[in-house]
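Remarks on the structure that follows.
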Amino acid sequence: MTAGSWDEVWEVVREIPAGKVMNYGGVARLLSRPLSARAVGWAMAECPSDVPWHRVVNVKGVCSTDAVDGAEIGRQRRRLEAEGVTFVNGHVDMRRHLWSPEDDV
DNA sequence: CCATTGACGAAGA
DNA sequence: TTCTTCGCCAATG
């Protein structure tokens, strides 16, 4: 990233309030790197434990990690539901929980 | 340095 | 509306 590290990415993810979610492209956009959505995903894989990576989903509102786990129900989905995030037809209700910095203001 | 892969996204068929 | 293809960034072999 611009800072030369993923610290900025994690910092943005930490800003996401509970009950809200954001997509990888959105995080990348906040970092002035709209085309680095994929790279952001990599940062999530290596994110520290203090980062709520579960609040980051793809633009479809589906938890990519759930596909990885596959066998078990998405741990990410469980955590989001615990925070008040509602799921619709197997995907997050982006219409209600898609967060943006302006929303926090 | 080149090829492959991956927690992505937008565009085309 | 769903599936497929291409493009982008970073990491790994």
Side-chain angles (χ1 to χ4, degrees):
Chain A
M1 307 310 290
T2 50
S5 189
W6 299 112
D7 295 345
E8 294 297 314
V9 181
W10 300 325
E11 188 176 342
V12 172
V13 177
R14 273 187 281 246
E15 304 291 318
I16 305 175
K20 293 276 180 175
V21 297
M22 187 157 214
N23 29 301
Y24 297 90
V27 175
R29 198 183 266 294
L30 289 180
L31 298 169
S32 305
R33 288 240 119 167
L35 309 180
S36 304
R38 250 174 145 162
V40 171
W42 197 269
M44 295 289 90
E46 293 294 308
C47 73
S49 42
D50 62 307
V51 176
W53 56 269
H54 53 272
R55 291 180 194 152
V56 184
V57 298
N58 58 17
V59 74
K60 300 173 200 159
V62 179
C63 314
S64 306
T65 46
D66 288 2
V68 176
D69 283 67
E72 285 285 332
I73 181 160
R75 58 191 173 181
Q76 184 169 8
R77 172 172 174 169
R78 282 197 184 182
R79 271 184 108 153
L80 290 174
E81 288 183 312
E83 293 183 350
V85 177
T86 58
F87 276 70
V88 178
N89 211 3
H91 69 285
V92 179
D93 189 346
M94 305 297 280
R95 202 85 111 143
R96 280 169 53 95
H97 306 292
L98 179 56
W99 179 78
S100 123
E102 303 301 312
D103 275 348
D104 190 45
V105 178

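Not measured: the values here are computed from a predicted model. Reminder, nothing fancy here: chain letters follow the sequence lines and each chain counts from 1.
Interatomic distance, A/Arg79 CZ to A/His54 NE2, rounded to the nearest 0.5 Å: 5.0 Å. The line from SG of A/Cys63 to CZ of A/Phe87 is 4.0 Å long, rounded to the nearest 0.5 Å. Rounding to the nearest 0.5 Å places CE of A/Met44 at 7.5 Å from OH of A/Tyr24.
We find that A/Glu83 and A/Arg55 are joined by a salt bridge, their nearest charged nitrogen and carboxylate oxygen being less than 4.0 Å apart. A/Glu81 has a carboxylate O that lies under 4.0 Å from a charged side-chain N of A/Arg77, or vice versa, which qualifies the two as a salt bridge.
DNA chain B lies under 4.0 Å from at least one heavy atom of each of the following residues of residues 17-25 of chain A: A/Asn23, A/Tyr24, A/Gly25. Of the residues in residues 47-58 of chain A, those with a non-hydrogen atom less than 4.0 angstrom from any atom of DNA chain B are A/Trp53, A/Asn58.
Within the structure, a side-chain polar atom (N or O) of A/Ser64 is placed less than 4.0 Å from OP1 or OP2 of B/dC8. Contact check, A/Arg33 against C/dA10: a side-chain N or O comes under 4.0 Å of OP1 or OP2.
The base of C/dG7 lies close enough to the side chain of A/Arg38 for a donor and an acceptor atom to sit less than 3.5 Å apart.
If you measure from atom CH2 of A/Trp6 to atom P of C/dC9, you get 11 Å, rounded to the nearest angstrom. A/His91 places its NE2 atom 15 Å from the C1' atom of C/dT2, with the value rounded to the nearest Å. Separating the CD atom of A/Glu8 from the C1' atom of C/dC9 is a distance of 17 Å, rounded to the nearest angstrom. One atom, NZ of A/Lys60, and another, P of B/dA7, lie 12 Å apart when rounded to the nearest Å. Separating the CE atom of A/Met94 from the C1' atom of B/dC8 is a distance of 12 Å, rounded to the nearest angstrom. The CD atom of A/Gln76 sits 10 Å away from the P atom of B/dC8 (whole-angstrom rounding). When the C1' atom of C/dC8 is taken as reference, atom CG of A/Leu31 falls 15 Å away, rounded to whole Å.
Residues A/Asp103 and A/Trp99 share a closest heavy-atom pair of CB-CD1, 4.1 Å.
No side-chain donor-acceptor contact under 3.5 Å links A/Glu11 to the backbone of A/Trp6. Judged by distance alone, the side chain of A/Asp7 and the main-chain N or O of A/Trp10 form no donor-acceptor pair under 3.5 Å. Formation of a donor-acceptor pair under 3.5 Å by the A/His97 side chain with backbone atoms of A/Met94 is not found in this model.
If you check B/dG9, C/dA10, B/dA7 against the side chain of A/Val59, the one that comes closest is B/dG9.
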